[in-house]
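In each ligand, atom 1 is the first atom listed, and ligand 1 is the first ligand listed.
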Amino acid sequence: MKKISLNGNWKSRPDYNDEGIYQKWYLPKNFDKHDSKLLEIEIPISFNTLKDFEVYEGIFWHFYQFSLEKSIFNENFDYRIKFKGSNYNTKVWLNGTYLGEHNGGFTPFNVNLKNSHSLNKNFLAVRTDNIRKKNRLPAISFDWFNWGGIYRDVEFLILNKNRIKDLVIKTPLESRICSKIEISFTVVGILSLKWQILDSEQSTPLFEGSISKITGKGGFNLTFKNPKLWSPDHPSLYILRIFESTKKELLYETTFGIREIEIEGKHIFLNKRKLLMKGVSLHEELMPYGRTIPYKERENDIESMKSLGFNALRTAHYSHDEDLLNIADKKGMLILEEVPVYWICNFKSNETFKTAARMIRELIKRDINHPSVIWWSVGNEIPIERPEVAKFMRRLMEWTRMHDDTRIVTYVSMKLFTDLTRRYADVATINFYFGWYVGSVKLINFMLDVMRTPAFNKPWIYTEFGAGAKYGFHADWDKKLKFSEEKQLHVLDYSIRTFNAKDYLAGWFIWIYRDFRSFLRQNKFQQGFNRKGIVSEKNEQKLICKRIPQILNVKRKLLNIKFLGILFWILFYPFAYIITYVLLDSIIFEGSKTIEKMKSIERKRISKESKEN
Ligand code: GCU
């Protein structure tokens, strides 16, 4: 496969009244590159980083003219254009021919060129819209910034008619000193192959083999004695290369790691050893880049997290650029991935389910061979006590297991009492902000024992806890003023030492590594940002960062009140169910009115800021 980058100088324009399709803006004859309405942009870009588009949610057109070398025109090739990430709905035309569309902001997709490309002048027109709609994922209300546009790389792919696709590497362990590796793939056309496996640090192949005249499903297995196992502490990688045996042309190359994730009772095992995850979540956002974050900055993030002692990262609430996974594979960081089935979605609609299922398939297809990725979450903080939601999530977990049976499959819940669907997840999860949204951190020990009751014999992960802090705002320790760094320190410190003492907790994740933009956050400390980061949006470390390395493995002395917890759950469950079903869900999740109101506050704040600057 050959790739030609289509990144670079593009032209673009907003389409406030949705006229572009009607007026055929996608036809080369209707394009005038000197048109004053056109903006110069550098693709990939999150278009909300452009002046006057800071809060824009709408239709945006992108235009690119390019020529191709004569040599690529050959009947032995197929052609695609690949978008690694474009939010939300993306429609593509080449030289006026409609090539297709994609829904979803966080997974890659290809469009087939159908021979619409020509030698010299190619005119690519791409219409994106990041409009909030109830049938989308996420839908109307979500607590992160809705960066729009073509924000990840775009490539022109030249594929051999005879090629390999859907290659999957499974590395089950017989023991820590023996792995039975299974490599499967599909051959499009017919091929004779030579393959080799190398240690990423050495040039001489460790294993070699060949397969002649193969078409359709194929693969090979091998027994690897004394492999260097991949783990966050020892991120050992191997390389698989597959050549076309006659012409020695390299058809496929990937790195992989030999590691295995297993669950037994209330523990998770990595390479046959008990795993405890100590982690953070992260939104794919860094100012001034929006989502189009340079590779070096992503590397800095992972290195800073490792230096604080974290061994796991939850890419909330969607998949980040694959660069982050390549870095995590190399540097050693466990990755928990998720699809944006978030808060209120149209769970009764089969179209919504199909969209979620396609997002899962695209995600697994992209990331299945990354050793760092150990978990697929099919949703976050959904009203799981509702039968249609419970059904939606169970179906989605089953669908995920059909596409990958080697990783943890779950969803992230915020329910203390009313989540009976946790029993069907591989790992039970909880997001709950004791000491911030509700009550005191002192409730954690007891409430964990309560919520554990319906999903007793499985590992639990505390997927979100935290407190907001405005960088630089300090207050007396005793006062524990909200948004002070001292308050955040208190909540996180107490929570972490409590979690470490719970034998059925296989891990915890601080919400969140870095402050991030959100329309929903507009008070005087927030100023358009969710301030629960342990570092500010400028990567300034808050007080808690000094403390984390000291308490990472510290356990508080806890009273064993497990029996009381079970009793409390049994007594209180019926009331909790009614209150939650009838009342809580409708007040917890903001509606579109709130979003519009918050957007106008944000618009005013940004225009005031730009006047002051
Ligand atoms: C939730 C949610 C996050 C949100 C966080 C918060 O738990 O999953 O997306 O940002 O709470 O309230 O800060």
Side-chain angles (χ1 to χ4, degrees), residues 105-106 132 137-147 279-285 291 313-320 336-345 375 377-384 389 393 410-416 418-419 422 425 428-439 441 444 447 451 460-471 482-483 487-488 491-492 495 499 508-523 525-537 542 544 580 584-585 587-590 594-595 598 602:
F106 306 104
R132 297 163 189 257
L137 296 172
I140 304 290
S141 176
F142 44 94
D143 187 27
W144 67 81
F145 190 80
N146 188 22
W147 298 98
V280 278
S281 291
L282 179 73
H283 268 295
E284 185 174 45
E285 179 188 281
R291 289 197 193 291
L313 167 63
R314 177 179 170 220
T315 60
H317 295 287
Y318 42 78
S319 50
H320 294 197
L336 283 58
E337 294 208 276
E338 188 161 281
V339 288
V341 177
Y342 180 93
W343 287 352
I344 298 290
C345 305
W375 146 314
S377 163
V378 298
N380 181 77
E381 296 196 351
I382 56 294
I384 192 75
V389 181
M393 301 315 276
T410 187
Y411 61 92
V412 170
S413 178
M414 60 185 282
K415 307 291 174 172
L416 298 180
T418 56
D419 182 343
R422 280 187 178 111
T429 65
I430 181 68
N431 291 358
F432 212 84
Y433 291 77
F434 289 106
W436 184 255
Y437 289 129
V438 180
V441 280
I444 295 176
M447 290 314 291
M451 69 180 90
W460 278 70
I461 300 275
Y462 208 108
T463 30
E464 285 183 33
F465 64 105
K470 174 85 173 85
Y471 176 74
K482 276 212 149 179
F483 290 100
K487 167 75 176 180
Q488 184 189 51
V491 169
L492 292 176
S495 305
F499 298 150
W508 44 261
F509 288 77
I510 295 173
W511 186 264
I512 186 162
Y513 178 69
R514 185 168 38 237
D515 291 356
F516 60 95
R517 283 189 69 184
S518 170
F519 284 149
L520 302 179
R521 312 291 170 170
Q522 297 295 348
N523 74 23
F525 296 104
Q526 294 166 326
Q527 301 278 302
F529 282 84
N530 183 314
R531 294 280 178 208
K532 295 193 183 70
I534 59 174
V535 303
S536 73
E537 74 277 16
K542 301 176 188 176
I544 182 64
T580 308
L584 281 184
D585 282 349
I587 49 179
I588 289 175
F589 301 114
E590 286 84 3
T594 314
I595 296 288
M598 294 299 204
E602 176 89 348

Checking contacts here: is it the side chain or the backbone of [X] that comes within 4.0 Å of ligand 1, counting heavy atoms only? Could be both or neither.
| X | answer |
| --- | --- |
| Val412 | neither |
| Trp144 | neither |
| Trp511 | side chain |
| Lys532 | side chain |
| Phe516 | side chain |
| Ile512 | neither |

Would you say Ser536 and Asp515 are linked by a side-chain donor-acceptor pair, where the criterion is simply a distance under 3.5 Å?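 No pair is found: no donor N or O on one side chain lies under 3.5 Å from an acceptor on the other.
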With a cut-off of 4.0 Å, which atoms of ligand 1 are near a heavy atom of Glu381?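 Counting atoms of ligand 1 from 1, those under 4.0 Å from Glu381 are 1 (C), 2 (C), 7 (O), 8 (O).
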For Asn431, counting its heavy atoms only, list the atoms of ligand 1 lying under 4.0 Å from any of them.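 Answer for ligand 1: 7 (O), 8 (O).
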Do me a favour and list the nearest non-hydrogen protein atom to atom 2 (C) of ligand 1 with residue, atom name and distance?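 Nearest protein contact, heavy atoms only, for atom 2 (C) of ligand 1 is Glu464 OE1, 3.4 Å.
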At what distance is the nearest protein heavy atom to atom 4 (C) of ligand 1, and which residue and atom is it?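 The closest one turns out to be Asp143 OD2, 3.2 Å.
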Run through Glu338, Glu337, His317 and flag the one making a side chain to side chain donor-acceptor pair (under 3.5 Å) with Ser377.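 By the side chain to side chain donor-acceptor pair (under 3.5 Å) criterion, Ser377 pairs with just one of Glu338, Glu337, His317: Glu338.
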Going by side chain to side chain donor-acceptor pair (under 3.5 Å), Ser413 matches just one of Thr429, Asp419, Asn380, Asn431. Which one?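 Going through the options one by one, the only one that passes is Asp419.
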Are the ring centres of [X] and [Y] closer than 6.0 Å?
| X | Y | answer |
| --- | --- | --- |
| Phe499 | Tyr462 | yes |
| Trp511 | Phe432 | no |
| Phe519 | Phe145 | yes |

If you define the side chain from C-beta out and look only at heavy atoms, does anything of Val280 sit under 4.5 Å from Phe509?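 No, too far: nothing below the 4.5 Å cut-off.
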Below 4.0 Å from any atom of ligand 1, is there a heavy atom belonging to [X]?
| X | result |
| --- | --- |
| His317 | yes |
| Phe142 | no |
| Arg521 | yes |

Ring geometry between Phe106 and Tyr318 (parallel below 30°, tilted from 30 to 60°, perpendicular above 60°):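 Answer is parallel, since the angle falls under 30°.
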Are Arg314 and Glu464 within salt-bridge range, i.e. N to O under 4.0 Å?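 Glu464 and Arg314: salt-bridged.
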Compare Trp436, Tyr437, Tyr433, Tyr342 and give the one whose heavy atom is closest to atom 12 (O) of ligand 1.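 Of the listed residues, Tyr437 has the closest heavy atom.
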